[in-house]
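Below: one structure, written as structure tokens.
Owing to the predicted nature of the structure, the values given are computational and were not obtained by experimental measurement. Just so it is clear: chains get the letters A, B, ... in the order the sequence lines come, proteins before strands, and each one is counted from 1.
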Amino acid sequence: MGPDDISRFHQTLEGRMRESNRSSNVPRFVKRVELVQKQTIMHYQTQQSQPFLKIVVALPTMVASCRGILERGITIEGLGSKSFLTYESNILFALRFMIDRNIVGGNWIEIPAGRYRKAARVMSYCQLELDCLYSELVSHAAEGEYSKMAPFRILSFDIECAGRKGHFPEPTHDPVIQIANLVTHQGEGQPFVRNVMTLKSCSPIVGVDVMSFDTERDILLAWRDLIREVDPDIIIGYNICKFDLPYLIERAEVLKIAEFPILGRIRNSRVRVRDATFSSRQYGVRESKDVTIEGRVQFDLLQAMQRDYKLSSYSLNSVSAHFLGEQKEDVHHSIISDLQNGNSETRRRLAVYCLKDAYLPQRLLDKLMYIYNYVEMARVTGVPISFLLSRGQSIKVLSQLLRKAKQKNLVIPNIKGQGSGQDTFEGATVLEARAGFYEKPIATLDFASLYPSIMMAYNLCYCTLVPPEDARKLNLPPESINKTPSGEIFVKPELQKGILPEILEELLAARKRAKADLKEAKDPLERAVLDGRQLALKVSANSVYGFTGATVGQLPCLEISSSVTSYGRQMIEHTKKLVEDKFTTVGGYEHNAEVIYGDTDSVMVQFGVSTVEDAMKLGREAADYISGTFTKPIKLEFEKVYFPYLLISKKRYAGLYWTNPGKFDKMDAKGIETVRRDNCLLVKNLVTECLHKILVDRDVPGAVQYVKNTISDLLMNRVDLSLLVITKGLTKTGEDYAVKAAHVELAERMRKRDPATAPTVGDRVPYVIIKAAKGAKAYEKSEDPIYVLDNNIPIDPQYYLENQISKPLLRIFEPILKNASKELLHGSHTRSVSISTPSNSGIMKFAKKQLTCLGCKAVISGDSQTLCSHCKGREAELYCKTVANVSDLEMLFGRLWTQCQECQGSLHQDVLCTSRDCPIFYRRRKAQKDMAEARLQLDRWDF
DNA sequence: GGTTTTCCCTAG
DNA sequence: TGAGCTAGGGAAAACC
């Protein structure tokens with residue numbers, strides 16, 4: 001293409017753009033077409049650069065349309081028809097701008113004095129508004145003064161709505177009755193604004209500005225005004241993205257308050273709500289809503305929790321209990337209307353509750369140092385802070401890649417869904433596990449940052465890859481290339497340094513610096529920043545490999561990812577061989593070393609020595625010796641000793657973890673029931689306790705006894721319902737499941753009972769297994785724990801014994817105990833007669849009520865109301881027993897009630913909490929039921 | 001009644 | 001204008 005061709009190309013493209021954007025009255029679509037010298041990032045090239053066309057369009061939105069036209073192909077006069085591969089044509093505009101101006105997320109930006117002027121036309125609600133040329137922005141790297149955090153204003157809020165009886169609130173019907181708000185300066189301990197807006201009067205609350213309104217319209221507008229006045233940088237809350245924010249917007253729409261949804265920093269720009277689904281392998285499918293509020297970051301603590309922590313429940317209540325050690329009242333939505341319709345005292349009650357829901361997200365934000373960690377992550381990867389919650393991992397890698405590529409004059413092709421040959425590749429080796437209970441110390445050797453090290457050591461990158469056809473053509477000398485174990489060819493750094501290795505080197509070097517600075521740092525805030533940074537750097541380094549293997553991602557390159565794993569496989573095998581060859585009696589050591597297990601980047605070695613100290617010494621020796629055989633920077637490290645060590649199978653083990661010979665650090669368990677979220681607490685606690693007794697106390701008989709007691713309690717119905725709750729994630733929508741499963745079927749049944757509160761995709765479903773006909777499938781026996789509690793439905797202890805407890809226990813005990821099965825599961829403790837729970841469900845509804853003797857539970861045939869003929873004469877004794885029973889249960893209930901009152905923060909009010917995450921709640925409900933039953937029995941004596 | 005498939009969750 | 005990866009155990013349903 002010569003200059004004339006470019007001009008023709010420009011005109012043709014302009015014409016095509018005009019055709020496909022007829023409605024637009026833009027004078028010109030394509031601003032410029034320039035010839036530039038660039039290089040593609042893909043494959044090693046011998047020439048430095050080649051000509052590319054750089055197309056500049058009038059508006060960002062035109063890029064996509066332009067890309068479509070070029071990809072489909074255009075006909076240029078004199079050149080014929082041609083379709084084009086486009087480069088960097090699918091980059092989010094904000095990111096493109098930031099990359100071009102060298103700006104990262106969480107960045108400090110300077111607009112130098114004299115380089116700006118007061119805004120000619122005010123377009124925003126910002127306190128300062130000015131005009132300047134985009135190229136005048138000066139981006140400051142996060143160092144020294146510029147590593148400090150800005151004093152963001154953070155608004156934390158929560159709304160309450162009055163649902164109709166038995167229905168979850170819907171914006172089309174149900175009013176917003178309260179909004180609680182806290183505003184805090186980032187880094188300060190206390191909020192400087194605390195208020196609650198209520199519909200109708202509300203009694204005063206100490207330290208809180210109570211603002212009461214007569215109409216909903218007034219509340220909504222007052223909240224909008226608060227936003228304007230406070231002008232928060234960050235809006236936080238719990239589930240605000242999926243519930244509170246859309247609810248407010250939709251409610252204002254229903255009420256026709258057109259002036260409400262202007263909450264952003266741009267004047268006259270309305271907040272838009274869009275349904276959104278996010279789906280990734282890592283986070284699963286998640287339905288949410290996109291709410292656009294310009295200039296304010298929405299930070300939903302629920303989303304953050306779901307991304308950063310694996311928990312069995314994500315209710316605000318359960319998360320607060322977990323991280324803040326504090327329970328929160330959980331008021332069922334049906335009670336909220338009653339409180340609203342009461343008086344100013346009951347509304348005050350609700351307001352206190354609402355305020356707490358606004359306060360807890362702020363507490364979580366502070367406690368988990370979210371602002372520090374997320375700002376550091378944004379700075380390291382370069383993406384805006386908002387991406388960290390709304391987008392996946394790959395955008396972070398892409399952002400770094402684009403920045404690095406720009407420095408090197410490389411451009412990244414837009415290859416959408418273009419599967420590069422095979423679509424899967426072989427992963428890591430997991431060494432065969434020699435299962436057993438090891439009473440000699442086991443040393444663990446680990447490769448440090450294995451995959452990043454491999455990519456650095458062998459210069460694996462898009463731009464160093466030599467495809468087979470090029471390899472023949474280029475005829476590269478063997479000493480300047482590496483052939484990977486998977487057969488791929490990459491050039492060595494002398495010919496072309498890879499940019500992935502360069503990114504990794506920088507990330508790991510920066511992490512080393514951050515860790516060194518962390519050691520020096522005294523100021524807790526500075527430490528928080530540095531720790532957040534080193535963590536962000538580690539996570540970023542580790543996800544580069546994943547990015548190259550993401551076949552549905554932005555720039556998959558399986559040649560890189562499969563080479564990485566192939567080196568990894570070779571290395572773990574090599575390590576195992578070296579250990580077993582060198583550490584032998586023949587080689588002058590006391591014992592023959594054995595590798596008993598290993599996974600991806602680690603090997604577990606039994607050196608045969610009997611003290612932790614000796615195992616550590618040999619571990620260090622082995623690590624140093626073997627490290628020497630690998631290309632830099634690959635390094636094998638001695639990390640820890642397990643002693644004793646219980647190896648159950650691949651990816652499943654437990655042991656005491658030692659890093660110094662004096663004392664073990666902790667009990668470590670991997671993969672087994674104790675660390676899994678889909679087991680009920682009974683199993684988790686039982687397994688943990690047994691492991692503790694076996695590994696720490698070395699008391700196997702004690703562990704056996706503990707098992708027996710637990711089983712006996714279970715069969716006697718003496719176990720709390722909260723311990724029997726199993727939770728599983730709902731990973732797809734109902735119809736997408738190929739087979740029936742307990743949690744899926746239950747979610748479906750719950751949806752029929754109340755569609756608004758039933759679990760949806762991405763939620764975790766708690767359930768218990770209830771008694772049912774023999775041979776019934778588990779999915780027919782699953783039930784909502786609250787429903788079970790309220791309707792007194794009997795659970796199925798046998799199921800818990802056979803399907804939950806027994807296998808995990810046998811797996812642990814079998815390596816240790818002969819006849820484990822007989823000993824644990826078939827003793828006399830399993831023959832305890834279970835007291836059948838009285839039932840008013842199912843078949844029992846049809847059975848005729850028959851009185852049973854209060855003494856021996858035999859059916860009474862005579863005309864007596866209390867005792868059978870055998871127990872006649874024991875009246876006094878049995879009456880006293882009944883009275884004592886009632887009083888015991890009353891005391892128990894009273895204690896639990898007080899405990900709940902303390903939790904809700906008031907000893908003078910009813911307990912409203914129905915939290916299914918709280919064991920106390922289950923016990924309180926059960927005590928209440930038991931007490932009522934006992935009282936009924938007592939009443940029978942009143943003849 | 002044994003084998004295969006599906007699903008969940010974890011290790012690394 | 002979207003999504004890191006594979007290996008693997010174990011429970012339960014579905015299949016033959």
In whole angstrom, what separates A/Glu426's CD from C/dA7's C1'? 10 Å
Let's see if you can work this out: which of C/dA3, B/dG12, C/dA11 has an atom nearest to the side-chain heavy atoms of A/Pro808? C/dA11
Heavy atoms under 4.0 Å, any strand shown: does A/Gly549 hit a base, just sugar-phosphate, or nothing? sugar-phosphate
A/Gln554 atom CD is separated from C/dG4 atom P, nearest whole Å, by 9 Å
Heavy atoms only, 4.0 Å cut-off, all strands: where does A/Ala428 land among base, sugar-phosphate and nothing? sugar-phosphate
A/Asn679: partners by side-chain hydrogen bond (donor to acceptor under 3.5 Å, both in side chains), with sequence neighbours left out: none
Given C/dT6, is OP1 or OP2 found less than 4.0 Å from the side-chain N or O atoms of A/Arg281? yes
Could you tell me if A/Asn414 and A/Ser89 have a donor-acceptor pair between their side chains, going purely by distance under 3.5 Å? yes
Donor-acceptor list for residues 428-435 of chain A side chains, cut-off 3.5 Å, not counting sequence neighbours:
from     : atom 1 : to       : atom 2 : distance (Å)
A/Arg434 : NH1    : A/Glu594 : OE2    : 2.1

Carboxylate-amine/guanidinium contact A/Lys404 A/Glu506, below 4.0 Å: yes
C/dG9 phosphate, OP1 or OP2: any side-chain N/O from A/Lys650 under 4.0 angstrom? no
Round to the nearest Å and state the distance from A/Ile572 atom CD1 to C/dG8 atom P. 11 Å
When rounded to the nearest 0.5 angstrom, what distance separates CD in A/Glu745 from OG in A/Ser782? 7.5 Å
For A/Tyr458, which of A/Phe490, A/Tyr567, A/Tyr451 qualifies under ring pair (Phe, Tyr, Trp, His ring centres under 6.0 Å)? A/Tyr567
Verify the ring-centre separation between A/Tyr438 and A/Tyr642: is it less than 6.0 angstrom? no
Evaluate A/Phe437 against A/Tyr645 for ring pair (Phe, Tyr, Trp, His ring centres under 6.0 Å), listing each step before the verdict. CA-CA 6 Å; A/Phe437 184 58; A/Tyr645 184 63; 9.4 Å; no
Listing time: all N or O pairs from protein to nucleotides 13-16 of chain C that are below 3.5 Å?
from   : atom 1 : to       : atom 2 : distance (Å)
C/dA13 : OP1    : A/Ala778 : N      : 3.0
C/dA13 : OP1    : A/Tyr779 : N      : 3.2
C/dA14 : OP1    : A/Lys740 : N      : 3.4

Strictly by modelled atom types, are A/Ser65 and A/Asn21 linked by a side-chain donor-acceptor pair under 3.5 Å? yes
For A/Lys31 and A/Val57, what are the C-alpha separation, side-chain angles and deciding distance, and is it a side-chain contact (heavy atoms from CB on, under 4.5 Å)? CA-CA 5 Å; A/Lys31 290 283 218 190; A/Val57 290; 5.9 Å; no
Short side-chain N/O contact to C/dA12 OP1/OP2 from A/Asn803, under 4.0 Å: yes
Does anything in residues 385-398 of chain A come within less than 4.0 Å of DNA chain C? Heavy atoms only, and list the residues if so. A/Arg391, A/Gly392, A/Gln393, A/Ser394
Just the table, please: protein N/O against nucleotides 8-10 of chain B N/O, every pair under 3.5 Å.
from   : atom 1 : to       : atom 2 : distance (Å)
B/dC8  : OP1    : A/Gly729 : O      : 3.4
B/dC8  : OP1    : A/Thr731 : OG1    : 3.1
B/dC8  : OP1    : A/Tyr737 : OH     : 2.5
B/dC8  : OP1    : A/His743 : NE2    : 3.2
B/dC8  : OP2    : A/Thr731 : OG1    : 2.4
B/dC9  : OP1    : A/Gly729 : N      : 2.9
B/dC9  : OP1    : A/Arg764 : NH1    : 2.8
B/dC9  : OP1    : A/Arg764 : NH2    : 2.9
B/dC9  : O4'    : A/Arg676 : NH2    : 3.1
B/dC9  : O2     : A/Arg676 : NH1    : 3.4
B/dT10 : OP1    : A/Val675 : O      : 3.3
B/dT10 : OP1    : A/Arg677 : N      : 2.9
B/dT10 : OP2    : A/Arg677 : NE     : 3.3
B/dT10 : OP2    : A/Arg677 : NH2    : 3.4

So what does A/Tyr653 touch, heavy atoms closer than 4.0 Å: a base, only the sugar-phosphate, or nothing? sugar-phosphate
Under 4.0 angstrom between A/Arg811 side-chain N/O and C/dG10 OP1 or OP2: yes
Do the numbers put A/Arg391 on top of the ring of A/Tyr283, so that NZ or CZ is under 6.0 Å from the six-membered ring centre and no more than 45° off the axis? no
Atom-to-atom span, CD1 of A/Ile560 to C1' of C/dC5 - whole angstrom: 14 Å
Apply side-chain hydrogen bond (donor to acceptor under 3.5 Å, both in side chains) to A/Gln554 and list each qualifying residue two or more places apart in sequence or on a separate chain. A/Asn90
I'd like the C1' distance from B/dG12 over to C/dG4, given in whole Å. 14 Å
Length of the CG-P vector between A/Asp599 and C/dG8, whole Å: 8 Å
Nearest whole angstrom, please: distance from the P of C/dG9 to the CD of A/Glu432. 8 Å
Categorize A/Tyr283 for me: base, sugar-phosphate, or nothing, with a 4.0 angstrom heavy-atom threshold over every strand shown. nothing
Distance under 6.0 Å and angle within 45° of the ring axis: does A/Lys732 meet both against A/Tyr737? yes
Over all strands shown, is A/Ser649 touching base, sugar-phosphate only, or nothing at heavy-atom distances under 4.0 angstrom? sugar-phosphate
Rounded off to whole Å, could you give me the CD1-to-P distance for the A/Ile726 and C/dA12 pair? 8 Å
Would you say A/Tyr597 places a side-chain N or O within less than 4.0 Å of OP1 or OP2 belonging to B/dA11? no
Without decimals, in angstroms, what is the distance between A/Glu673 CD and C/dA11 C1'? 11 Å
Which listed nucleotide (C/dA12, C/dA7, B/dG12) is nearest to the side chain of A/Thr600? B/dG12
